[in-house]
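In what follows, a single structure is set out as structure tokens and then discussed.
Values in this document were obtained by computation on a predicted structure and should not be read as measured data.
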Amino acid sequence: MSETLILNGKDLTLEDLYSVVYDRRPVQIDPEVIPLVDKSRQVLFDMAADGKPVYGLNHGVGWNKDREFSQDFFEQYNRNLINSHSLGVAPFASVEEVRAMMCIRLNTALCGRTGIASNILKMYEEFLNHGIHPRAMRRGAVGEGDVSTMSMIGQAMIGQGEVEYHGEIIPAIDAMRAEGIEPAILGPKDGLSIVSSNAQGESMVVLLVKEVEELIKLSDAIYCLHLEGLNGGLQPLGERVNEVRGLPGQIHCAAECRRFLEGSYLEHPDSKRALQDPLSFRCGAAINGSVYDSLEYVKNILELQINRTDDNPCILYEEGTTSVSPNFEVTTLSLGVDMLAAALCHMSHAITNRLYKIVDPGFTGLNRFLTPHEVKTIAFSTMQKSFAALDAENRWLANTTTLDITSFANGIEDHASNLPLAGMRSLRIVDNLRYMLGMELMHAAQAVEMRRDQRADNLLKLGKVTGPLKDAYRKTVPYYDADRNLSIDIEKSYQVIKDGSLLKVIEEAERAATAKKQPQFAPSQRILRTASAARELDIRGMETLEAESVLDNYIDAAVMAHLETVTIIHGKGTGALRKAVHASLKRNKAVKSFRLGNYGEGESGVTVVELK
């Protein structure tokens, strides 16, 4: 079992959250934050005793904010609130989404601004650790506190509704009894604290981020194989030409493509090669880089939000009072997701245009529609309708969601972010892109093999990553030598992309290629001297694979130098590099713990590492 994740409302990372969501990593509330939670709770008790009006405490919510009720009605009112706000619409959220919802809500409540009872927080912990997953609906929230859907988690906590438990759908009370958990008795503001959270919309964005990260790498690799099928030019992927532009995503994707194509026949001159390829090929890495940049924006806002309160009212325990709060407003994140959806549509359109070009002999010198036998085999001609239809659907799905708002609650609630809708439709775009990448892979593999067959020696050297990618794919979908049901090939291609098997091939090929270069990153006297003389390692500007190798050697050297703490400088806004650093640190048995820190004049972008 994985090491328990300590939640304190401050430093939950996306990587940690994924381990809870997908790997069932156990969680534990940091005991040090409980006094703060209790202090916040006491503020509510004191205000109730003094008869001071507080939204959701002794006054209703929404249009009912002017309705006052007494302390002896607290429990019933909070149960009523949960029941009346359970308004979700099918389908049900996935288990992964529900786990993310509960973990996010638990962490944001640990900020100490909610006033929720600590025993309720303990139920989130127990539900996660015992695999009790409330059946929450996916639709019905407008992203201004997901009250219509988060309430269904509250339903389970009070012993109502259904849950997924050990793969079965059973009454919540039965799962709780099986684990020795008593239904919650709700006190002041507990109902509102449970339902009023943006955790549902954020959970969708959490899953979206992971899926888009994987999609970018897959798209880069398939694009590179496609470039080999075209006999395209490599100059647009050059390190210097992308460096002078300065866009992080473009630099990242171009570097990734150079690694994927290392050793390819494209590295050698060819008089038949075009001086400039169509933009969908020439700018393929740059377009994917735009997706990368949009994703980094979303990740930065998302990681901030899952470590901050979004409660209204907000408990100001320092002042012993509450404040009306706008902190449930998540339009900034929703706008970022809208931007990401638009960027994904650019990826979609680039794929579409590459697929149009690769079947045109005027661009490729290969047979029309990549047929192995002119006239006798129709090949990929009609598939254009399939990917064009998906591209059109993606453009429709990418319409701005943050502006589709209306006014309700008698005009009191006259704004919304639509974050759940933004996340939901973006996940649909990602899934459509898996099909489109599958179709691109079908074309790319066919084109590469037809180009190989044109050569007198029947040899065509592919890149160190594109070669293994093509070979692995051919174990699932064979060469198209005669017309067959292409919908079966499309589905098989989609499945090997969705199930992660091709991504694993790409990552293993990357590691194998890097391992052959390992001597240049081997521990040297310079690294040893650096570790003994300084407690900092600056890896800014390195590519991720190089950084991981240098970091492993540096940590080893630091241990040999008997250092207890070191600082790794990876820079601001470098999500991929930071992720590589944290992945390497998690694997290293010499590392006791690590956390994000500050550098210089408060600039974020370092990780502080405590060694064993």
[X] (side chain) donor-acceptor with [Y] (main chain) under 3.5 angstrom:
{"X": "Asp146", "Y": "Pro420", "answer": "no"}
{"X": "Tyr292", "Y": "His252", "answer": "no"}
{"X": "Ser219", "Y": "Ile216", "answer": "no"}
{"X": "Ser501", "Y": "Val496", "answer": "yes"}
{"X": "Glu239", "Y": "Arg258", "answer": "no"}
{"X": "Asn107", "Y": "Cys103", "answer": "no"}
{"X": "Thr371", "Y": "Thr377", "answer": "yes"}
{"X": "Arg451", "Y": "Gly229", "answer": "yes"}
{"X": "Arg135", "Y": "Val163", "answer": "no"}
{"X": "Arg425", "Y": "Asn399", "answer": "yes"}

Output all residues satisfying side chain to side chain donor-acceptor pair (under 3.5 Å) with Arg368, sequence neighbours left out; order by chain, then residue number.
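Result, side chain to side chain donor-acceptor pair (under 3.5 Å) vs Arg368: none returned.
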Listed by chain and number, what are the side chain to side chain donor-acceptor pair (under 3.5 Å) partners of Tyr165, not counting sequence neighbours?
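For Tyr165, the residues satisfying side chain to side chain donor-acceptor pair (under 3.5 Å) (neighbours in sequence not counted) are Glu179.
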Residue pairs passing the salt bridge (Lys or Arg N to Asp or Glu O under 4.0 Å) test where at least one lies in residues 477-487, sequence neighbours excluded:
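Matches after skipping sequence neighbours: Arg484-Asp489.
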Is there a side-chain contact between Arg99 and Arg24 (heavy atoms, below 4.5 Å)?
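Result yes, sub-4.5 Å side-chain heavy-atom pair found.
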Tell me, do Met383 and Ile490 make a side-chain contact under 4.5 Å, heavy atoms counted?
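Answer yes - side chains close enough.
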Working to the nearest 0.5 angstrom, can you tell me the gap between [X] [atom1] and [Y] [atom2]?
{"X": "Leu295", "Y": "Asn300", "atom1": "CG", "atom2": "CG", "result": "9.5 Å"}
{"X": "Arg240", "Y": "Glu243", "atom1": "CZ", "atom2": "CD", "result": "5.0 Å"}
{"X": "Arg138", "Y": "Thr149", "atom1": "CZ", "atom2": "OG1", "result": "11.5 Å"}
{"X": "Leu486", "Y": "Ser386", "atom1": "CG", "atom2": "OG", "result": "8.5 Å"}

Would you say [X] has more than 12 foreign heavy atoms packed within less than 6.0 Å of its [atom1]?
{"X": "Arg245", "atom1": "CZ", "value": "no"}
{"X": "Gln495", "atom1": "CD", "value": "yes"}
{"X": "Ile169", "atom1": "CD1", "value": "yes"}
{"X": "Lys498", "atom1": "NZ", "value": "no"}
{"X": "Glu374", "atom1": "CD", "value": "yes"}

Leu459 vs Tyr265, side-chain contact (heavy atoms from CB on, under 4.5 Å): CA-CA, chis, key distance, verdict
CA-CA 10 Å; Leu459 295 175; Tyr265 83 98; over 6 Å; no
Check: [X]/[Y] side-chain N/O donor and acceptor closer than 3.5 Å:
{"X": "Thr401", "Y": "Asp338", "value": "yes"}
{"X": "Ser348", "Y": "Asn394", "value": "yes"}
{"X": "Asn198", "Y": "Gln305", "value": "no"}

Below 4.0 angstrom, N of the basic side chain to O of the carboxylate: do [X] and [Y] qualify?
{"X": "Arg434", "Y": "Glu211", "result": "yes"}
{"X": "Glu507", "Y": "Lys217", "result": "no"}
{"X": "Lys461", "Y": "Glu267", "result": "no"}
{"X": "Glu213", "Y": "Lys299", "result": "yes"}

Got a sec, which pairs hit ring-ring contact (aromatic ring centres under 6.0 Å, His included) with one end in residues 439-497, sequence neighbours left out?
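Output for this query lists Phe380-His443, Phe380-Tyr480, Tyr435-Tyr494.
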Chi angles and distances behind the side-chain contact (heavy atoms from CB on, under 4.5 Å) call for Met436, Leu433
CA-CA 5 Å; Met436 296 181 72; Leu433 279 165; 4.2 Å; yes
Checking side-chain contact (heavy atoms from CB on, under 4.5 Å) for the pair Leu551/Ile539: CA distance, chi angles, key distance, verdict?
CA-CA 8 Å; Leu551 177 59; Ile539 59 171; 5.6 Å; no
Residues which pass ring-ring contact (aromatic ring centres under 6.0 Å, His included) with His582, listed by chain and number, not counting sequence neighbours:
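ring-ring contact (aromatic ring centres under 6.0 Å, His included) check on His582 returns Phe594.
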Sequence neighbours excluded, which residues qualify as salt bridge (charged side-chain N to carboxylate O under 4.0 Å, His left out) partners of Asp391?
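Only Arg395 meet the salt bridge (charged side-chain N to carboxylate O under 4.0 Å, His left out) criterion with Asp391.
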